[in-house]
Amino acid sequence: MERKNSLNGEYIVIKANEDGVNVIGLTRGTDTRFHHSEKLDRGEVLIAQFTEHTSAIKIRGNAKIMTCYGEVESETKK
């Protein structure tokens, strides 16, 4: 994966390790708001991109997140 000089345009890959993983896109600007959400089931993969509208991505549930900077696992809230 090619690295870019800014976060704008970079992709992340999210693989659900359980059913019901929520992926929520948050907007840029003075008022941060939800602008898109997806629910993934175990084994499903979502490729997401940071854009001029998306400044953050929130992941709720057990998932593997892969970026050009490395990998991280999110955990289920207990």
Side-chain angles (χ1 to χ4, degrees):
M1 179 182 294
E2 178 183 326
R3 288 185 190 219
K4 300 196 179 200
N5 291 332
S6 70
L7 287 179
N8 196 26
E10 285 195 12
Y11 292 88
I12 65 169
V13 177
I14 304 152
K15 182 178 180 185
N17 292 330
E18 66 181 2
D19 288 344
V21 171
N22 287 304
V23 180
I24 303 163
L26 296 121
T27 61
R28 278 187 198 283
T30 56
D31 295 326
T32 300
R33 293 177 287 188
F34 299 125
H35 73 80
H36 186 84
S37 67
E38 292 288 333
K39 187 171 270 192
L40 302 177
D41 287 330
R42 183 182 180 102
E44 289 185 325
V45 173
L46 178 71
I47 301 171
Q49 181 181 29
F50 290 98
T51 68
E52 67 268 8
H53 301 296
T54 304
S55 65
I57 298 171
K58 179 178 181 176
I59 300 163
R60 186 176 287 157
N62 189 319
K64 183 177 191 178
I65 301 106
M66 296 160 270
T67 74
C68 63
Y69 301 103
E71 295 179 4
V72 67
E73 296 253 346
S74 62
E75 297 176 7
T76 302
K77 185 177 177 182
K78 299 199 183 208

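All values below come from the heavy atoms of this structure, side chains included, with hydrogens, waters and symmetry mates left out. Starting from 1, each residue takes its place in the sequence as its number.
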Peer 1: Keeping the roles fixed (side chain from Ser37, backbone from Ile24), state whether a donor-acceptor pair exists under 3.5 Å.
Peer 2: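 Such a contact is absent between Ser37 side chain and Ile24 backbone.
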
Peer 1: Once side chain to side chain contact (heavy atoms under 4.5 Å, CB included) is applied, do any residues pair with Arg60, and if so which ones, sequence neighbours excluded?
Peer 2: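 With sequence neighbours excluded, Arg60 shows a side chain to side chain contact (heavy atoms under 4.5 Å, CB included) to Asn22, Lys58, given in chain and number order.
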
Peer 1: At what distance, to the nearest 0.5 angstrom, does NZ of Lys15 lie from CD of Glu44?
Peer 2: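 One gets 11.5 Å once the value is rounded to the nearest 0.5 Å.
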
Peer 1: Give, for atom CG of Asp41 and atom CG of Asn17, the distance between the pair rounded to the nearest 0.5 Å.
Peer 2: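 Those atoms lie 12.5 Å apart.
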
Peer 1: So, Thr67 side chain and Ile12 main chain: donor-acceptor pair closer than 3.5 Å or not?
Peer 2: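 No: the side chain of Thr67 does not pair with the backbone of Ile12.
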
Peer 1: Is it true that atom CD of Glu75 has more than 12 heavy atoms of other residues, nucleotides or ligands lying nearer than 6.0 Å?
Peer 2: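 No, CD of Glu75 has 12 or fewer neighbouring heavy atoms, counting only those of other groups under 6.0 Å.
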
Peer 1: Between atom CD of Glu71 and atom NZ of Lys64, what is the distance when rounded to the nearest 0.5 Å?
Peer 2: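 Between Glu71 CD and Lys64 NZ, I get 4.0 Å after rounding to 0.5 Å.
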
Peer 1: Could you list the residues that satisfy salt bridge (charged side-chain N to carboxylate O under 4.0 Å, His left out) with Lys39, not counting sequence neighbours?
Peer 2: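 For Lys39, no residue satisfies salt bridge (charged side-chain N to carboxylate O under 4.0 Å, His left out) once neighbours in sequence are set aside.
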
Peer 1: Can you list the residues that meet the side chain to side chain contact (heavy atoms under 4.5 Å, CB included) rule with His35, with sequence neighbours excluded?
Peer 2: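 By the side chain to side chain contact (heavy atoms under 4.5 Å, CB included) rule, His35 matches Thr27, Thr54.
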
Peer 1: Of all the heavy-atom pairs spanning Cys68 and Glu10, show the shortest one and how long it is.
Peer 2: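 Heavy-atom minimum between the residues: SG-OE1, 3.5 Å.
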
Peer 1: Tell me the closest heavy-atom pair linking Asp19 and Arg42, and the distance in Å.
Peer 2: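 The pair with the smallest heavy-atom distance is OD1-N, 2.9 Å.
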
Peer 1: Any idea which heavy atoms bring Val21 and Ala63 closest together, and the distance?
Peer 2: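 Distance-wise, the nearest heavy atoms are CG1-CB, 4.0 Å.
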
Peer 1: Nearest 0.5 angstrom please: Ile57 CD1 to Ile65 CD1, how far?
Peer 2: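 Ile57 CD1 to Ile65 CD1: 10.0 Å, rounded to 0.5 Å.
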
